[in-house]
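First the proteins, then the strands, lettered A, B, ... as listed; each starts at 1. Not measured: the values here are computed from a predicted model.
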Amino acid sequence: MKKKYFLNANIVDPFNSIEEIGGLIIGENGKIEAAGKKVNNNNIPSREKYTDLKGKYIFPGIVDMRVFVGEPGYEYKENFRTLSKAALSGGVTSVVTMPNTNPVIDNVSIVDFLKRRGRDKSKINIYPTASLTKNTEGKNMTEFGLLQNKGIIGFTDGTKTIQNTRLMSRIMKSAYDLDSLIMQHAEDFELAKDGVVNDGIISTKLGLQGISDLAEKIIIERDLTLLEDYNCRYHISQISSSKSVEVIKQRKQKVDFSCGVSINNLSLNENDVGDFRTFLKLSPPLRTEDDRLALIKAINNDLINVIVSDHKPEDEESKRLTFYQSGTGATGVETLLPLALELFHNESIKLSKIIASMTCNPAKILKINKGNLNIGNDADFCIVDLYKPWILKKENLQSKSKNTSIDDKKLQGLITNTFVKGEELFKI
Amino acid sequence: MASTKAIKISKKHLLGIQDLNISDVKFILSEAKQFIQLNRSKNKKTDILRGKTQINLFFEPSTRTQSSFELAGKRLGADVMSMNIVNSAIKKGETLIDTAMTLNAMHPDIIVIRHQDSGACNLLSQKVNCAVINAGDGRREHPTQALLDALTILDRKKKIEGLKIAICGDILHSRVARSNIYLLNMLGANLNIVAPTNLMPKDISKLGVNVFSNMKDGLKECDIVMMLRLQNERMTSSFISSNREYYEYYGLTPDKLEYAKKDALIMHPGPMNRGIEIDTKLADDINKSVIKEQVELGVAVRMACLKIFCE
């Protein structure tokens, strides 16, 4: 690989508290040699060609902590090859994949398959999770230690929640012993049963079963209470309501944990469901505008650490049904960054904070050396034309499934190039 | 005909009262009035919809609504086909959209649909070329029921504006309640919603109604007491402790009716659970109950809707 030089870019690297105009030098080995304002014309041998990025931005490659891939079992929704293409077009260079496949990622032998497929078919960094319980049935724990040894980064039942409190306490104790990361989808199953939208005026008007925000709050309160005694690495996958934010605020002083939010819950609210738009049937559901604003505030106050895409590809057929019958979730890995940049443009959140919540913050929780522009680290980064307006068309999406929550949305901030290990794998 | 329709109704489909404006509603009700006399006369047949095809697509069991729509179509001279869902391809796994496309290819002029899922009629209306009439979707809307209720009230009380109307019972699962809230609100009634909190939809007060969890306060000074059926088939878990306790607190009995005005009328969309939400003698009291009249006027309202929405 030839050495690469980039100059005059706005470099945003929250891990190193860098937000300045400067350059980036990538070595022949695909590692970062230098980054920041120190890099200018004088550092470059006169015979070398460089790329002038005047007006453009360089961010560390995005780390998306919640992505569903269809392999194995649902390849018709998304496979590693299409996921990789979709991620790269969105500036995402690392993804944490959910274990809700068929079969479920719950034993050592399937991890080998997963890693092989991930390595052969995708060009991004894949960090697979395994389920907390066998077949995500919420009954028996999986082998955290053995799975971790095989390269599993964390444990979650993905779309499901551990309902049994005794089991949850035992999971935490094991996770403490083995230094395992537990990621909980917080939803009391019985309270949320049959629910498809937020419980409120919209569910009443549409005549749909609502999901109370208490269903989320109760599980968070329970888990954080357990955590006081069994202090393991614990992460709440996504929260959706102001009530949950309140709990997190109260408990932050007492216990150590982290928390994520879906970009959907930061950008949309329950009114967007409109006339039964099944593409906006999400879990957790879109809630009120007050909830959305509380979530934004929670990011600004460091109560929420991570923004995820909650990328959940569903084929057209499973969305062409009545709202009750249709599948849950939306694709999002390739729109995560552009949609998050909307929060910068409308002055909700500072740019460095947005980027941190999708780069170094998830990396810290996952204990991986990603999401930064450290010297000697893999050159995973993206180049963004931050003020460029464009319109999202679902037919242009790279993901195998086109169930985006923001079709036809006007966005500002276009990802023009994405690099992994110094190699340019996406160019618009 | 087509040109008058274009002026008088603002929507292509009748999916819910929410979509209608007040002139739409008044137009439908005035058309319906004209059919009341026809239905009471000896020769009930007209040829207003001759040559038109009406398909009834009922995914949920129904006696009065389905027969009412069928009769309404036939009295207007339309060719009426009622799909038998049990024997249809839907049982073989065909989706609603595919069923809609199949029926659409047969060039119907109007489809009447009842479905257990809220919003099913909206989905259907996006996929077919003809008009769609909602005969009840999940717990969302049942517009023709609300229209016939309004017509019944107008017939008896000569007005709706200013009346105090209580809607009582299983509001949570009731599309009838929702459609009536929109319609009677639009027509200027003062609405009391009475239900145990377990059967009250969240934030319903935002629809502009007064919310009560006991009959005494909820029925006070009411001109109309509309009782709803306890929809046991939609209840997946415990909402009430028992039918007898429900009857004790929320069933309409002569002594509870005392809270309402002396000349208050009793309504019920049917089918009734006698002895659960309503005292059986009260239901049959011809001086107080207009339940049979509701059924009668239902045909007239559906004739009006078919006529107006069928191009």
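- Comparing Glu317(A), Lys205(A), Gln325(A) by heavy-atom pairs within less than 4.5 Å of chain B, the highest count is held by Lys205(A).
- Both the backbone and the side chain of Gln209(A) come within contact range of chain B, judged by heavy atoms closer than 4.5 Å.
- Between atom NZ of residue Lys206(B) and atom CD1 of residue Ile201(A) there is a gap of 6.5 Å, rounded to the nearest 0.5 Å.
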Please report, to 0.1 Å, the donor-acceptor pairs under 3.5 Å made by any side chain of residues 181-191 of chain B, with sequence neighbours excluded.
residue, atom, partner, partner atom, Å
Asn185(B), ND2, Leu207(B), O, 2.9
Asn185(B), ND2, Gly208(B), O, 3.4
Asn190(B), OD1, Asn210(B), ND2, 3.3

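- How far CG of Asp275(A) is from CD of Gln18(B): 9.5 Å, rounded to the nearest 0.5 Å.
- Of the possible donor and acceptor atoms, none in the side chain of Arg320(A) sits under 3.5 Å from a partner among the backbone N and O of Asp98(B).
- Residues of residues 135-147 of chain B placed with any heavy atom under 4.5 Å of a heavy atom in chain A are listed by number as Arg139(B), Arg140(B).
- Atom CG of residue Leu208(A) and atom CG of residue Asp117(B) lie 9.0 Å apart, to the nearest 0.5 angstrom.
- Within a 6.0 Å sphere centred on OH of Tyr76(A), other residues, nucleotides and ligands contribute more than 12 heavy atoms.
- Applying the side chain to side chain donor-acceptor pair (under 3.5 Å) rule to Glu137(A) yields the partners Asn135(A); only residues at least two apart in sequence or on another chain are considered.
- Summarising the local packing, NZ of Lys297(A) is surrounded by 12 or fewer heavy atoms from other residues, nucleotides or ligands at distances under 6.0 Å.
- Interface residues of residues 118-125 of chain B toward chain A, defined by a heavy-atom distance below 4.5 Å and sorted by number: Ser118(B), Gly119(B), Ala120(B), Asn122(B), Leu123(B).
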